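To keep things clear, I will list the structure first and then write my remarks on it.
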There are 2 protein chains.
Amino acid sequence: MKTTAIDPKIDLKSIKDCPNSFVMAVNDTMNVLTGKWKLPIMATLIFGKKRFKEIEREIPRITPRMLSKELRELELNGIVKRTVHDTIPVTIEYEFTPSGRSIKNVLDAMVEWGQEHRNTVMNRLSKVNL
Amino acid sequence: MKTTAIDPKIDLKSIKDCPNSFVMAVNDTMNVLTGKWKLPIMATLIFGKKRFKEIEREIPRITPRMLSKELRELELNGIVKRTVHDTIPVTIEYEFTPSGRSIKNVLDAMVEWGQEHRNTVMNRLSKVNL
DNA sequence: TTTCATGCTATACTAAAGTATATCGCTATA
DNA sequence: TATAGCGATATACTTTAGTATAGCATGAAA
């Protein structure tokens with residue numbers, strides 16, 4: 001797990017009235033979600049297990065390097081589980097962990113805010129243009 | 001507003017069963033939250049208006065360049081309102097817009113998931129180390 | 001035997017994000 | 001008059017993220 005306690009990049013620690021555990025939690029969540037391909041990859045896993053090439057085919061323009069890198073990171077962060085099946089040749093499947101699946105709550109909150117915010121901005125714009 | 005429709009960087013459009021409006025909403029939200037200093041800046045504004053130098057002092061290691069840049073971006077995105085007061089010399093205050101304040105719901109969801117996830121990972125680790 | 005699919009990794013590169021440092025016009029204070 | 005605070009901007013640089021391209025070991029199909 002890549003926790004923020006160790007990571008000096010984002011430092012909210014000294015901001016008063018903001019409990020440290022909250023800051024760490026937000027940063028952990030951000031670490032899981034940021035990067036160009038994390039969300040697309042997670043989107044492909046919503047409806048169940050997928051193999052490397054399946055994911056690759058479903059995400060236009062992703063390179064195998066990035067897919068490999070991001071899957072490894074998601075695995076390290078406990079979001080995705082990688083299973084090697086003892087077939088010949090081996091097949092490998094990726095799927096959400098329970099933790100990974102539950103991040104949907106965060107995405108839902110993001111969808112809701114994003115849509116409300118978009119409406120707010122649109123209304124503001126349309127009033128300006130009367 | 002920086003909408004994702006125009007931004008070709010993140011492309012979930014072709015992923016089946018994932019409504020476009022959802023994808024756009026998530027990406028809009030991500031655009032508001034990503035970057036090293038957005039969260040620290042927003043944290044300083046939680047309890048009300050602040051001036052440039054106040055924010056700068058509360059965030060260790062931020063440069064005026066980054067603060068200026070991020071505040072401008074937050075303003076463009078309708079998260080933060082910038083008010084110029086007609087004093088001598090002018091004083092400038094930054095505060096949340098209602099939209100900006102309501103992003104707290106997203107942060108709350110992130111805190112909740114982040115803490116749960118951390119516990120899950122900790123439990124996993126402690127079991128491994130028995 | 002050539003070709004293709006799978007599940008990657010290696011190397012080298014470009015682009016984006018962030019840092020360091022200096023400066024500016026204005027005003028108040030010492 | 002010198003110094004400091006305010007609210008920044010400019011220029012140059014480094015670091016991180018992402019891309020392009022090639023290749024490899026395995027096995028199956030044509």
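Quick caveat: nothing in here was measured; it's all calculated off a predicted structure. By convention in this document, chain letters (A, B, ...) are assigned in the order of the sequence lines, proteins followed by strands, and residues within each chain are numbered from 1.
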Reference residue B:Lys50; test side-chain hydrogen bond (donor to acceptor under 3.5 Å, both in side chains); the match among B:Glu56, B:Glu58, B:Glu95: B:Glu58

Partner of B:Glu93 by side-chain hydrogen bond (donor to acceptor under 3.5 Å, both in side chains), out of B:His85, B:Arg51, B:Arg82: B:His85

What integer distance in Å separates [X]:[atom1] from [N]:[atom2]?
| X | N | atom1 | atom2 | value |
| --- | --- | --- | --- | --- |
| A:Lys69 | D:dT19 | NZ | P | 10 Å |
| B:Ile62 | D:dG7 | CD1 | C1' | 14 Å |
| B:Asp86 | D:dC6 | CG | P | 19 Å |
| B:Ile88 | D:dC6 | CD1 | P | 18 Å |
| B:Ile41 | D:dA8 | CD1 | P | 12 Å |
| B:Leu71 | D:dC6 | CG | P | 15 Å |
| A:Met66 | D:dT19 | CE | C1' | 9 Å |
| B:Arg61 | C:dT21 | CZ | P | 15 Å |

If you check every side-chain atom of [X], which of [options] has the closest atom?
| X | options | result |
| --- | --- | --- |
| A:Trp37 | D:dG18, C:dG7, C:dG18 | D:dG18 |
| B:Tyr94 | C:dA28, D:dA8, C:dT6 | D:dA8 |
| A:Ile92 | C:dC8, C:dT6, D:dG18 | C:dC8 |
| A:Arg82 | D:dA8, C:dT19, C:dG7 | C:dG7 |
| B:Lys36 | C:dG18, D:dG18, D:dG27 | C:dG18 |

Phosphate-side-chain proximity, [X] and [N], N/O vs OP1/OP2 below 4.0 Å:
| X | N | answer |
| --- | --- | --- |
| A:Arg72 | C:dT9 | yes |
| B:Arg57 | D:dC6 | yes |
| B:Ser68 | D:dT9 | yes |

Touch class at under 4.0 angstrom, heavy-atom based, for A:Leu67 against every strand present: nothing

Sugar-phosphate, base or nothing in reach of B:Arg65, heavy atoms under 4.0 Å: base

Atom of B:Val111, atom of A:Val26 and distance for their closest heavy-atom approach: CG2-CG2, 3.4 Å

Side chains of B:Thr97 and B:Arg101, donor plus acceptor under 3.5 Å: no

Donor-acceptor under 3.5 Å (A:His117 side chain, A:Glu112 main chain): no

